Novice: 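I'd like to ask some things about the structure below.
Keep in mind the model is a prediction, meaning the values are calculated, not measured.
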Amino acid sequence: MTDAAIGPVTEALRELARAEQQGMLRLMGEGSPHWTRADAGLRAALARMLRSSDRRLGELAELLEPMGEDLPRVLSGHEQQYLAYLSMRFLLPKLIVEKREMVERYDRVIMTIGESAMSAVVRTLQAQREELSNEAQVLEASSLPRRAAG
């Protein structure tokens with residue numbers, strides 16, 4: 001692939017990494033009060049999702065490295081302090097929307113790259129996209145009883 005063709009691919013991969021780094025789940029963190037107040041099943045699911053997010057970031061870094069790129073640097077914002085005032089009941093639907101938006105981002109990037117252009121990259125992205133879709137389903141299932149109870 002030419003440098004001109006790789007440019008949009010690296011930018012798309014960096015955008016996926018940036019979105020992963022700035023995700024609400026990462027801002028909440030395992031030690032947050034939101035996690036400790038959530039039921040055990042949801043806490044375990046969120047912990048798995050955070051580990052998966054770390055792994056996806058590593059995989060994106062591995063895809064970017066041969067192209068001469070690194071993960072984008074993301075400054076930690078002040079958003080975390082505001083999350084302390086929000087309940088898990090409020091945050092869970094936001095997490096679901098965020099996961100769905102990530103799936104859409106992956107769809108756009110996969111379509112931009114094209115199936116045959118960089119097959120190894122596309123396979124990795126398709127696997128990550130499927131994982132994000134499954135995580136959204138887990139969050140949706142976790143939110144159902146809460147909606148019924150509220």
Side-chain angles (χ1 to χ4, degrees), residues 6 8-115 117-147:
I6 289 178
V9 172
T10 58
E11 186 52 38
L13 293 175
R14 287 174 59 83
E15 182 58 35
L16 290 176
R18 193 174 298 111
E20 194 76 60
Q21 289 170 322
Q22 294 173 334
M24 189 182 316
L25 187 64
R26 190 169 295 281
L27 287 174
M28 286 170 48
E30 267 185 278
S32 79
H34 303 98
W35 287 37
T36 56
R37 288 185 222 134
D39 64 60
L42 181 56
R43 274 196 315 269
L46 292 172
R48 280 191 307 276
M49 288 177 201
L50 190 56
R51 286 191 303 273
S52 295
S53 176
D54 290 340
R55 191 192 79 273
R56 283 190 299 269
L57 274 171
E59 290 172 353
L60 290 169
E62 288 173 9
L63 293 174
L64 285 164
E65 186 180 358
M67 298 176 199
E69 295 286 332
D70 293 321
L71 287 177
R73 294 191 189 272
V74 176
L75 299 175
S76 61
H78 300 287
E79 296 89 356
Q80 190 171 7
Q81 69 185 2
Y82 300 111
L83 290 177
Y85 299 103
L86 303 174
S87 69
M88 182 58 88
R89 186 175 182 163
F90 176 83
L91 292 172
L92 195 55
K94 306 291 184 220
L95 285 169
I96 294 167
V97 168
E98 184 175 86
K99 290 288 180 188
R100 292 290 176 208
E101 288 173 350
M102 282 295 289
V103 168
E104 291 172 9
R105 260 191 201 103
Y106 272 80
D107 287 340
R108 285 192 302 272
V109 170
I110 291 167
M111 198 165 57
T112 299
I113 295 173
E115 293 287 331
M118 302 179 83
S119 60
V121 172
V122 171
R123 279 193 305 274
T124 299
L125 295 179
Q126 286 171 331
Q128 289 184 354
R129 182 230 176 267
E130 186 64 28
E131 181 178 51
L132 285 162
S133 181
N134 291 339
E135 289 176 359
Q137 290 173 4
V138 167
L139 290 172
E140 287 169 348
S142 295
S143 71
L144 291 177
R146 295 186 184 285
R147 286 190 192 140

Novice: Any donor-acceptor pair under 3.5 Å linking the side chain of Ser52 with the backbone of Arg48?
Specialist: yes
Novice: I need the Met111 CE to Leu125 CG distance, nearest 0.5 Å.
Specialist: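 Spacing of CE (Met111) from CG (Leu125) equals 13.5 Å.
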Novice: Inspect the surroundings of CD in Glu65 and state if more than 12 heavy atoms from other residues, nucleotides or ligands are less than 6.0 Å away.
Specialist: no
Novice: Quick one: are Val9 and Glu69 in side-chain contact, heavy atoms under 4.5 Å?
Specialist: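 No; the side chains remain at least 4.5 Å from each other.
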Novice: Which pair of heavy atoms, one from Arg14 and one from Leu71, lies closest together, and at what distance?
Specialist: NH1-C, 3.9 Å
Novice: Between the main-chain N or O of Val138 and the side-chain N or O of Ser142, is there a donor-acceptor pair closer than 3.5 Å?
Specialist: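 Flag set: sc Ser142 to bb Val138 pair under 3.5 Å.
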Novice: Grab the two heavy atoms, one from Leu25 and one from Leu95, that are nearest each other, plus how far apart they are.
Specialist: N-CD2, 3.7 Å
Novice: CD/Glu15 to CG/Leu13 distance, rounded to the nearest 0.5 angstrom?
Specialist: 10.5 Å
Novice: Taking Glu98 for the side chain and Met24 for the main chain, is one N or O donor matched with an acceptor at less than 3.5 Å?
Specialist: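 A pair under 3.5 Å: yes.
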Novice: Could you check whether any side-chain heavy atom of Gln137 comes within less than 4.5 Å of a side-chain heavy atom of Asn134, counting everything from C-beta outward?
Specialist: yes
Novice: Hey, is the main chain of Ala45 close enough, under 3.5 Å, to the side chain of Glu135 for a donor-acceptor pair?
Specialist: no
Novice: Return the minimal non-hydrogen interatomic distance between Arg18 and Glu11, and the atom names on each side.
Specialist: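 Between these two residues, the closest heavy atoms are NH1-OE2, 4.1 Å.
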Novice: If the test is side-chain hydrogen bond (donor to acceptor under 3.5 Å, both in side chains), which one of Glu101, Gln128, Gln126 qualifies with Tyr106?
Specialist: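 Answer to the side-chain hydrogen bond (donor to acceptor under 3.5 Å, both in side chains) test with Tyr106 among Glu101, Gln128, Gln126: Gln128.
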Novice: Exactly one of Leu64, Val109, Leu57 should register a side chain to side chain contact (heavy atoms under 4.5 Å, CB included) with Leu16. Which one does?
Specialist: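 Of the listed options, the one satisfying the test is Val109.
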Novice: Does Arg100 come within less than 4.0 Å of Glu140, counting only side-chain N to carboxylate O?
Specialist: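 A salt bridge links Arg100 with Glu140.
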Novice: For Thr10 and Leu63: C-alpha separation, side-chain torsions, deciding distance, then whether side-chain contact (heavy atoms from CB on, under 4.5 Å) applies.
Specialist: CA-CA 9 Å; Thr10 58; Leu63 293 174; over 6 Å; no
Novice: Any non-hydrogen side-chain atom of Met102 less than 4.5 Å from a side-chain atom of Arg129?
Specialist: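 No, their side chains stay 4.5 Å or more apart.
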Novice: Are any of the side-chain heavy atoms of Met67 and Val121 separated by less than 4.5 Å?
Specialist: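 In short, these two side chains touch, coming nearer than 4.5 Å.
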Novice: I'd like to know if the side chain of Glu20 pairs up with that of Ser53 as donor and acceptor (distance under 3.5 Å, no hydrogens or angles considered).
Specialist: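 Yes, a side-chain donor-acceptor pair sits under 3.5 Å.
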Novice: Quick one: are Thr124 and Leu60 in side-chain contact, heavy atoms under 4.5 Å?
Specialist: no
Novice: Considering non-hydrogen atoms only, spot the tightest contact between Arg55 and Glu131 and give its length.
Specialist: NH2-OE1, 2.8 Å
